[in-house]
**Q** 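Attaching a single structure in structure tokens format; questions to follow.
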Amino acid sequence: MTALESSWRPTAPLEHLRRRAELLRTIRSFFHQRGVLEVETPQLAAATVTDLHLASLSCQLAGPESPRLFLQTSPEFAMKRLLAAGSGAIFQICKAFRDDERGRRHNPEFSLLEWYRPAFDHHRLMDEMDQLLAATLGVPAARRLTYAELFEGELGVDPHRSDEAALTAAAERAGLDVPPGLDRDGLLHLLLACALEPRLGFDRPAFLFDFPASQAALARLRPGTPAVAERFEVYVRGMELANGFHELADPGEQRRRFEADLAARRNLGLPEVPIDEHLLAALEAGLPDCAGVALGLDRLVMLALGADSIEEVLAFPIERA
């Protein structure tokens, strides 16, 4: 059989696709029982994320003076507009798109489960994440540790105060190749992704929280010495599964973070992207105190099935799309 003759076939066994459908039913039932409203938001929008580590895909509509539109990297901005409009607790299962992401755990088109809970902080949302993981994976309650506890316990460095030389030395002790020119956050990302993540979540899931303030993204900062970002990540069997925030509601601070990202993009020669003014207007109108989390649905299916590659849980990955 030639490559062309076989390339029409799905890469996931049909039994895996049936199990995926069962998992989707379980997730929807989980939220419906809790009174969380399922919503849909656009996958094409006039703006996208400014995050330096995410590359957006875009397209141009036909017709004179048609706008450039972006395929969304997550439904976060649009869902926050619904929250500001008074939606209450909401969830969404949708496709998301990120360029430059392809590998054993990545596909440029992938599925996200994202939900938001008014009146929750990130700790209450971790409680609900625990319940969802028990319902879908049958795992025990997660271990919870701060970012500092993980780095100090495993690597002997304080991630909030150690300088670049100390972080570089920790990476070298861990046997990592350190690319030249990495700043503090780059070194922290390297250590977390390559030295620490692979060890997390094997006996039970692991929640990592209180990230450095420089990695706040769209999370609130909690003042202190040091200040920390009120965000968490979830790891199961060495795989990052979800990223959650006690959501930033200050429109001025959000604009400052967007503009700082754009300045950094210019310095790095990355593509310019427009700031989402709709989101900022929604924050001006008033985002309720809430927490939200995005979970990689394809990865959840991989964990449920014991799959080694995302291709085992997708009908048609990008090479066969």
**Q** Would you call R173 and E154 a salt bridge, taking side-chain N to carboxylate O under 4.0 Å as the test?
**A**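 Between E154 and R173 there is no salt bridge, as every charged N stays at least 4.0 Å from the carboxylate O atoms.
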**Q** Sort out for me which residue in R266, R68, R265 forms a salt bridge (Lys or Arg N to Asp or Glu O under 4.0 Å) with E272.
**A** R266
**Q** On the six-membered ring of F30, is R34 placed so that its NZ or CZ lies under 6.0 angstrom from the centre and within 45° of the ring axis?
**A** yes
**Q** Look at the side chain of R20 and the backbone N and O of V313, then say whether any donor-acceptor pair between them is shorter than 3.5 Å.
**A** yes
**Q** If you define the side chain from C-beta out and look only at heavy atoms, does anything of D276 sit under 4.5 Å from E76?
**A** no
**Q** Hey, what's the ring geometry for H53 with H189, parallel, tilted or perpendicular (30° and 60° as the breaks)?
**A** perpendicular
**Q** Any idea how H246 and H122 line up, ring-wise: parallel (<30°), tilted (30 to 60°), or perpendicular (>60°)?
**A**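 Plane angle under 30°, so parallel.
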**Q** Regarding R255 and E277, does a basic nitrogen lie under 4.0 Å from an acidic carboxylate oxygen?
**A** yes
**Q** Are H160 and F151 close enough that their ring centers fall under 6.0 Å?
**A** no
**Q** For a quick test of reading the model, state the closest non-hydrogen atom pair linking G292 to Y116 and the distance between them.
**A**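 Of all heavy-atom pairs spanning G292 and Y116, the closest is CA-CD2, 3.5 Å.
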**Q** Going from CZ on R231 to CG on L208, what distance comes out if it is rounded to the nearest 0.5 angstrom?
**A** 8.5 Å
**Q** Would you confirm whether R117, through its side chain, and L125, through its main-chain N or O, come within 3.5 Å as a donor-acceptor pair?
**A**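 Flag not set: sc R117 to bb L125 has no pair under 3.5 Å.
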**Q** Please report the closest heavy-atom contact between M302 and R104, naming both atoms and the distance.
**A** CE-O, 4.1 Å
**Q** Nearest heavy-atom pair of P251 and L283: which atoms, and what distance?
**A** CB-CB, 3.8 Å
**Q** Side chain to side chain contact (heavy atoms under 4.5 Å, CB included) with L221: which residues, sequence neighbours excluded?
**A** A213, A216, A229, R257
**Q** With the side chain counted from C-beta on, respond yes when L132 and L113 share a heavy-atom pair under 4.5 Å apart, and no when they do not.
**A**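 Answer yes - side chains close enough.
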**Q** Taking side chain as C-beta onward, heavy atoms only, is L297 less than 4.5 Å from I27?
**A**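 The answer is yes, as the side chains (C-beta and beyond) meet within the 4.5 Å cut-off.
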**Q** In chain order, what residues pass the ring-ring contact (aromatic ring centres under 6.0 Å, His included) check against Y235, with sequence neighbours excluded?
**A**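 Testing Y235 for ring-ring contact (aromatic ring centres under 6.0 Å, His included), a comparison that skips the adjacent residues, returns none.
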**Q** Quick one: does I93's side chain get under 4.5 Å of S111's, heavy atoms only?
**A**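 No, their side chains stay 4.5 Å or more apart.
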